[in-house]
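What you see is a predicted model, and the numbers here were worked out from it, not measured in a lab.
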Amino acid sequence: MEWASESAAVRRHRVGGERRDGPAAAPQPGREALAPEPPAAAGGGGGARTRKRSAGGDASRGAGTGLSEARAALGLALYLLALRALVQLSLQQLVLRGAAGRPGDFDARQARDYLEHITSIGPRTTGSPENEILTVHYLLEQIKLIEVQSSSLHRISVDVQRPTGSFSIDFLGGFTSYYDNITNVVVKLEPRDGAQHAVLANCHFDSVANSPGASDDAVSCSVMLEVLRVLSTSSEALRHAVIFLFNGAEENVLQASHGFITQHPWASLIRAFINLEAAGVGGKELVFQTGPENPWLVQAYVSAAKHPFASVVAQEVFQSGIIPSDTDFRIYRDFGNIPGIDLAFIENGYIYHTKYDTADRILTDSIQRAGDNILAVLKYLATSDVLPSSSKYRHGHMVFFDVLGLFVIAYPSRVGSIINYMVVTAAVLYLGKKWLRPKQKTGNYTKDFFCGLGITLVSWFTSLVTVLIIAVFVSLIGRSLSWYNHFYVSVCLYGTAAAAKIILIHTLAKRFYYMNASDRYLGEVFFDISLFVHCVSLTALTSQGLCSAFISAVWVAFPLLTKFGMRKDFKQHGAQGKFIALYLSGMFVPYLYALYLIWAVFEMFTPILGRSGTEIPPDVVLASILAGCTMILSSYFINFIYLARSTKRTMLSLTLVCVVTFLLVCSGAFFPYSSHPASPKPKRVFLQHMTRTFHDLDGNVVKRDSGIWINGFDYTGMSHITPHIPEINDSIRAHCEENAPLCGFPWYLPVHFLIRKNWYLPAPEVSPGNPAHFRLVSKEQTPWDSIKLTFEATGPSHMSFYIRTHEGSTLSQWSLGNGTPVTSKGGDYFVFYSHGLQASAWRFWIEVQVLEERPEGMVTVAIAAHHLSGEEKRSSQLDALKDKFPDWTFPSAWVCTYSLFVF
């Protein structure tokens, strides 16, 4: 039976078909009795006839009609599993083997030696001796050795920068950052005669507190050291300089990169940059941001990278703000107006920023592939003709994506738009030909098409509602994140529920609405519906200017080509085994790439859901993502529901898997966390032993308390901790101080809107050796009738300053950032402060415009001092509580103080 050209009058043989079990049913009103279809072409093995259903829905079948349910279900399952295995194989192939160890090649063994030395220093927080002295000394020592070995063609210059500055950023709802005397180690490799232009390579050697920071970001600095060694010993002269920035304060929310790009004299030479980051531990490094615009940079990566792994989809997702993270890329883009490439390791984000982020967990092949790519791209840019005049090539966006890590396809977005609209045109011509045929030839095709479209949308909507109901119920009974340590659980629970619901809706439509329609006719109708949906998606994404629209183009073009290519076989043999094989072969490209992207989505988002705060139900998010993936993957398989003789066993199997998984989840059979040495998935907890002091308008202490403030970074709160530490329970839930900024707690960063459930366990006062001191230096009225308050603060390397204006007062300006105060979510002001080893007192001022004087004053300010390194970060009570936590947790603990004042 020919899908594309044979008339619907032939395909929809409603009443004239032969029946073995009784007389034909009367045709439905408005639907004509149609002539029997002609026999198939000679040699086709007999005519494949349409059929008519009895009122009960039992099909009377001629020999060879209808797909076998078992064959179809098994074929589809094996097909998807084979594609998934192919994706996994491509991901495990980190390095494409070839000649190695040649002079001038990147040596991962040398880079690993750098990595192990850096991580052996321990956690490297900004301001600590480990960061400011030991790591800096090691870097300078290795750079000196590299300089001694360098070729006479090159010149190496080294500078240790200690910048001070301030800026505002809209990350995490918006806040202002101030830094003083932090550290950058900068190396310039240039031709012996010098260079007027440069490309920047950036990494950071600092780490978060209590983590060795192997992947984030010691491995990148190790790669850069080895790239510096290889380039400096090369006999090939460079045209442009390469500047290597080892920055010492990225974890302080991008401070060191800001200090470099806004203050260092070499910054003016830079025409492009490569930023090396991490959102996971090892695996492949993904190019997830480029630009802004400057398509020549993507072309440089495409031309040079030996082991490409890049996606414009990742770029558009990351820049949408869905992922709560940011990198130095933002600083170079926004404050330096420089285009660049952002790369990051993304695998195994479960142990990112934890004690498990150690050098031994990063495969040597991961280091090798990253080094090969960075070396090749830097060498390409440093010898490029485009770099000096890059501004000429600034405009335009690129569509880019790798194919299983083998190569990258890249083309200008305007070309992509043309391709996309050409694909849309082909699909519209195909569908329009059917819609515009005379009714006597098409029967009720147009009506059935739009009814089928409605049925498809209803099936997708009800599948989403179903999985959301399950997710909400699981969250309410306290079984959230059951899949965190067993990802297959989420597929068995939410994926099967979504698939079963889609199949159920279409089975009911086939049985009760399309009861008199031919299987083949319905198979064609629902194929066309899927094509139409993807065509609409393609049009919408392209019109919005999204480069990710190429995915929809793939999902329209290849199925359309498949349909045209199968016409002859389907006409001769119908929906049999060969049909399945040909059909699935034609769908190979869209389904393979879809699974490739789906892997990346879950590799990124699943670990993030374990640190996304107490307010976002992770099961609801993951269930929604899985439902969306099921809708996409099922779109071109819906027609199999109508081509198959039955779907009962498939529905029963999916339902059984879902129900059994649901019962196991509800019983607590799947524990969310793991301390398994090979694959830990810890629960993250912050413990802050603090002493709080609240002053009134007259400077008198009105409240003073001490305790250990406890924050769980996921939705389960302390429910899994309480059985191990009974004193941490809901009776000690922290209460918000309504009149204090950010509820009167010492937030390290302004994430208060993500974490609203806290616990406060009373404990003795803390007395750190380097306490914070805060005082009002002066209070004066300005000529423009505002009140200028000047403050001075001293203390540890990390402090947070909070401001809340009272009713009738506004904060008009301050000496921080660009002078314009930036509010955080909730309306308070948050300032993040850090300094290196030596720093003078932090002096700054704010101006308050008082519109109406009130007895409670005009502004409340508070300062929190965070002791993140050395013995000062510890207390006996904190250590004792930390030791009680089970081994499947990662408690990050430190001492802090909090003081509040009213003016």
Flag for [Y]-[X]: side-chain donor and acceptor within less than 3.5 Å:
X	Y	value
Tyr673	Asp714	yes
Ser892	Asn210	yes
Thr647	Lys510	no

Original post:
Nearest heavy-atom pair of Leu622 and Phe602: which atoms, and what distance?
Top reply: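 Here Leu622 and Phe602 meet closest at CD1-CE2, 3.5 Å.
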Original post:
If every non-hydrogen atom of Tyr596 is compared with every non-hydrogen atom of Asp402, which pair is closest and at what distance?
Top reply: OH-OD2, 2.5 Å
Original post:
Do Phe670 and Asn485 come within less than 4.5 Å of each other through their side chains, counting heavy atoms only?
Top reply: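 In short, these two side chains do not touch, never coming nearer than 4.5 Å.
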Original post:
With sequence neighbours excluded, what pairs up with Ala623 under the side-chain contact (heavy atoms from CB on, under 4.5 Å) test?
Top reply: Val467, Ala471, Tyr494
Subject >> His506/Tyr642 aromatic ring centres below 6.0 Å >> reply: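 Yes, the ring centres sit under 6.0 Å apart.
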**OP:** Give a yes or no on whether a salt bridge exists between Arg369 and Glu285, defined as a side-chain N under 4.0 angstrom from a carboxylate O.
**Re:** yes
Subject >> Neighbour count >12 (heavy atoms, 6.0 Å) for atom CZ, Phe671 >> reply: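 Counting other residues, nucleotides and ligands, CZ of Phe671 exceeds 12 neighbours.
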Subject >> Residue among Val281, Ile362, Val219 satisfying side chain to side chain contact (heavy atoms under 4.5 Å, CB included) with Phe345 >> reply: Val219
Original post:
With sequence neighbours left out, which residue pairs that include part of residues 526-539 fulfil the salt bridge (charged side-chain N to carboxylate O under 4.0 Å, His left out) condition?
Top reply: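 Found Lys434-Asp528, Asp528-Lys563.
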Original post:
Can a cation-pi geometry be assigned to Lys757 and Tyr715, taking NZ or CZ under 6.0 Å from the six-membered ring centre and within 45° of the ring axis?
Top reply: yes
